[in-house]
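We number each residue from 1, following the sequence as shown.
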Amino acid sequence: MDHKPFETSTPVRRLLIAGGGTAGWMTAALLGKLLGKQLQIQLVESEEIGTVGVGEATIPALHTFHELLGLDEPEFMAATQATMKLGIQFEGWRAPGQDYIHSFGMTGKDHWSAGFQHFWLKAQREGIARPYGDYCLELRAAEENRFAHLPRHGMNYAYHLDAGRYARFLRALAERHGVQRIEGKIARVEQIEPFGAIQALVLADGSRLEADFFIDCTGFRALLLGETLGVGYEDWSHWLPCDRAVAVQTASVREAPPYTRSIAHHFGWQWRIPLQHRVGNGLVSSSKELSDADAPEVLKQNVEGELLIQPRLLRFTPGQRHRVWSHNCVAVGLSSGFIEPLESTSIHLIQRAAIRLAQLFPAGGIRAVDVEEFNRQAARDIEHIRDFIVLHYHVTERDDSDLWRHVRTMEIPATLRHRIELFRESGRVFRPADELFAENSWIQVMLGQGIVPKAYHPVADLMGRAELTQFLEQISRDVERTVGSLPSHQEYVERLCAPVRAREAALVA
């Protein structure tokens, strides 16, 4: 279907969300809290249709979403069996046997003219530097399995959470704000001719749901935006060749560390996400390296603990829709595009879409300029994340399969090529406005993957050897002192959730 600007002066009073899961209920909770008194908001989902369930690790930006909803952190953590996440440990991504952590914290202390990495690079050349991660509180706390909330938000963290429980938790919140849940499977979509806008969803039982505006949370199928409105898909598999995921849950056999594990294999990589009550596991692979029949068995051989469910295979194509808002429909979540869960960005993209829709909501009618702005921002968000994920694959020394040999030598997006070359030549990293990943994230991954800058900023030479030594030692001592004062992560999470569970037990009694 050709794309033509669609506008209407008809006020939006009825909103219908197609699909539940994390995408549907995050969107419903936010819009219900913000606009529930002005709109009729309905969400249709079927208990027969399962959710993907791989988005169980998050990034610190989720705090913003929870603050907008007014969530109580201990209540949320108890309800979703959440643990803290200080970063991701990448095992074997640079080369087999070489590991590093991409943490959420700041490393060292920056100068206004140059980042900390320039002082560290000079010290490394002079033989007085410790490993880069030793100057980061969050990274060292992750390595020591420690955590605590610190004054003035002194610890940057995210969560590991149970995606199914999270959706139910948000559903309860959304329903308190007036969102109506409708059980049913969507049988067909009705459009308004000749304009093409969606008019109603017809369910399998024959009931018909009309609305002024629709949100497509139907997953990879993209029933509304893709199948009905005909919005095409931009395939990124030439940069991200993994096209399969297998997920399974296992019983915990050890204390939960405050970080996600990402373990590289010849066929792709494996995740381990530790929750309070279980561990989420999965393989992300290329179907050219690992068959659909073999993938579940390979996963079973690479997990710890008893399997709680049978492995579930997911097929996907990495990429994005050409537009995520078309006519009177916005796609949120997997229906808008997908990048594999390597840096835990799926829930973040849902959050960004929900907040963006709240900011640009067409209460007085749909304007082409708002649609254009929404689509521009959405494309920018996912393309920035795409470049960061491609970085992990492209900058590697692995050559143990066709997958790794391809990604090492492939042509990469020009935006990413510039960033790599800039860091390799000068040690510099600059963050575009509103980009998700900060400079320190790029630095940690590029150093971890083996890029060694050829130069550093001359401001670092203003420090002599003795002054530079003292500067670095003070930072590392402060980090170690703070880490040493922290309780174990397991102990802290149990203590944080204990009052909530005690109240719940009292109510049951």
Side-chain angles (χ1 to χ4, degrees), residues 50-57 88-102 160 162-164 219-220 236-254 256-257 259-275 277-318 334 338-346 389-390 392-394 396-408 410 448-449:
T51 58
V52 171
V54 299
E56 298 199 318
I88 304 172
Q89 180 165 279
F90 288 95
E91 303 175 23
W93 277 82
R94 175 179 175 179
Q98 297 197 37
D99 307 340
Y100 69 93
I101 290 179
H102 166 209
H160 303 120
D162 183 310
F220 292 126
W236 289 343
S237 56
H238 50 292
W239 291 317
L240 296 167
C242 289
D243 57 2
R244 297 290 190 272
V246 183
V248 73
Q249 300 166 5
T250 57
S252 301
V253 297
R254 65 185 75 251
Y259 56 87
T260 304
R261 292 181 64 190
S262 173
I263 307 161
H265 294 279
H266 74 274
F267 51 74
W269 61 280
Q270 172 188 356
W271 77 75
R272 288 186 183 174
I273 299 173
L275 308 182
H277 64 313
R278 63 167 174 81
V279 176
N281 305 271
L283 294 181
V284 176
S285 63
S286 165
S287 56
K288 295 179 181 178
E289 297 289 342
L290 189 64
S291 72
D292 290 357
D294 291 339
E297 295 305 314
V298 171
L299 177 56
K300 289 180 182 179
Q301 295 166 12
N302 284 278
V303 298
E304 298 177 326
E306 176 189 359
L307 266 64
L308 302 179
I309 61 172
Q310 288 303 305
R312 181 183 179 194
L313 177 69
L314 306 166
R315 300 177 179 87
F316 62 87
T317 301
L334 302 179
F338 181 70
I339 298 179
E340 60 179 76
L342 184 61
E343 282 282 356
S344 311
T345 53
S346 293
I389 302 303
V390 173
H392 296 65
Y393 281 100
H394 181 62
T396 182
E397 298 166 15
R398 294 190 72 111
D399 63 353
D400 52 331
S401 68
D402 289 340
L403 168 69
W404 292 104
R405 286 187 285 272
H406 164 70
V407 294
R408 285 179 64 179
M410 67 183 176
Q449 294 291 134

Is there side-chain contact between Val279 and Ser252, with heavy atoms separated by less than 4.5 Å?
yes

When rounded to the nearest 0.5 Å, the distance separating CZ of Phe90 from OG1 of Thr260 is 9.0 Å

Is any side-chain heavy atom of Asp243 closer than 4.5 Å to one of Ser237?
no

Value for OG1 (Thr250) from CG (Leu308), rounded to nearest 0.5 Å, stands at 6.5 Å

Could you tell me which residues satisfy ring pair (Phe, Tyr, Trp, His ring centres under 6.0 Å) with His265, sequence neighbours excluded, listed by chain and number?
Phe267

Residues passing the ring pair (Phe, Tyr, Trp, His ring centres under 6.0 Å) test with His102, sequence neighbours excluded, are Phe388

Name all pairs fulfilling the salt bridge (Lys or Arg N to Asp or Glu O under 4.0 Å) condition that reach into residues 277-286, sequence neighbours left out, sorted by first residue then second.
Glu56-Arg278, Asp162-Arg278

Could you report the tightest heavy-atom contact between His160 and Ala57, atom names first, then the distance?
CD2-CB, 4.0 Å

Let me confirm one number: the CZ-CZ distance from Arg315 to Arg244, rounded to the nearest 0.5 Å.
5.5 Å

Determine whether Gln270 and Val298 make a side-chain contact, defined as any pair of heavy atoms from C-beta on separated by less than 4.5 Å.
no

Does any non-hydrogen side-chain atom of Val284 lie less than 4.5 Å from one of Phe316?
yes

Side-chain donor/acceptor of Asn281 to backbone N/O of Leu299, under 3.5 Å
no

Hits for side chain to side chain donor-acceptor pair (under 3.5 Å) against Ser285, two or more places apart or cross-chain, chain-then-number order -> none

Distance col, row Leu283:CG vs Ile263:CD1, nearest 0.5 angstrom, shows 9.5 Å

Partners of Arg254 by side chain to side chain contact (heavy atoms under 4.5 Å, CB included), sequence neighbours excluded?
Glu304

Would you please classify the geometry between the Trp93 ring and the Trp269 ring as parallel, tilted or perpendicular, with 30° and 60° separating the classes?
tilted

Among residues at least two apart in sequence or on other chains, which ones pass salt bridge (charged side-chain N to carboxylate O under 4.0 Å, His left out) with Asp399?
none

Mind checking side chain to side chain contact (heavy atoms under 4.5 Å, CB included) for Pro311 and listing every partner two or more places apart, or none if nothing turns up?
Val246, Val248, Pro296, Lys300, Leu307

Only counting residues at least two apart or in another chain, list the ones meeting salt bridge (charged side-chain N to carboxylate O under 4.0 Å, His left out) with Glu306.
none

Test of understanding: with salt bridge (charged side-chain N to carboxylate O under 4.0 Å, His left out), list the residues that count as partners of Glu91, not counting sequence neighbours.
Arg261

Taking side chain to side chain contact (heavy atoms under 4.5 Å, CB included) as the test, write out the residues that go with Ser401, two or more places apart.
His266, Glu289, Leu403, Trp404

Partners of Asp99 by salt bridge (charged side-chain N to carboxylate O under 4.0 Å, His left out), sequence neighbours excluded?
none

So which atom in Trp271 and which in Gly280 form the shortest heavy-atom distance, rounded to 0.1 Å?
CD1-O, 3.5 Å

Residues at least two apart in sequence or cross-chain that pass side chain to side chain donor-acceptor pair (under 3.5 Å) with Thr396, listed by chain then number, are none

Rounded to the nearest 0.5 Å, what separation is found between the CD1 atom of Ile273 and the CD1 atom of Ile88?
9.0 Å

Closest heavy-atom pair and its distance - Cys242, Gly268
SG-CA, 4.2 Å

Distance, nearest 0.5 Å, that separates OG of Ser262 from NE2 of His392:
7.5 Å

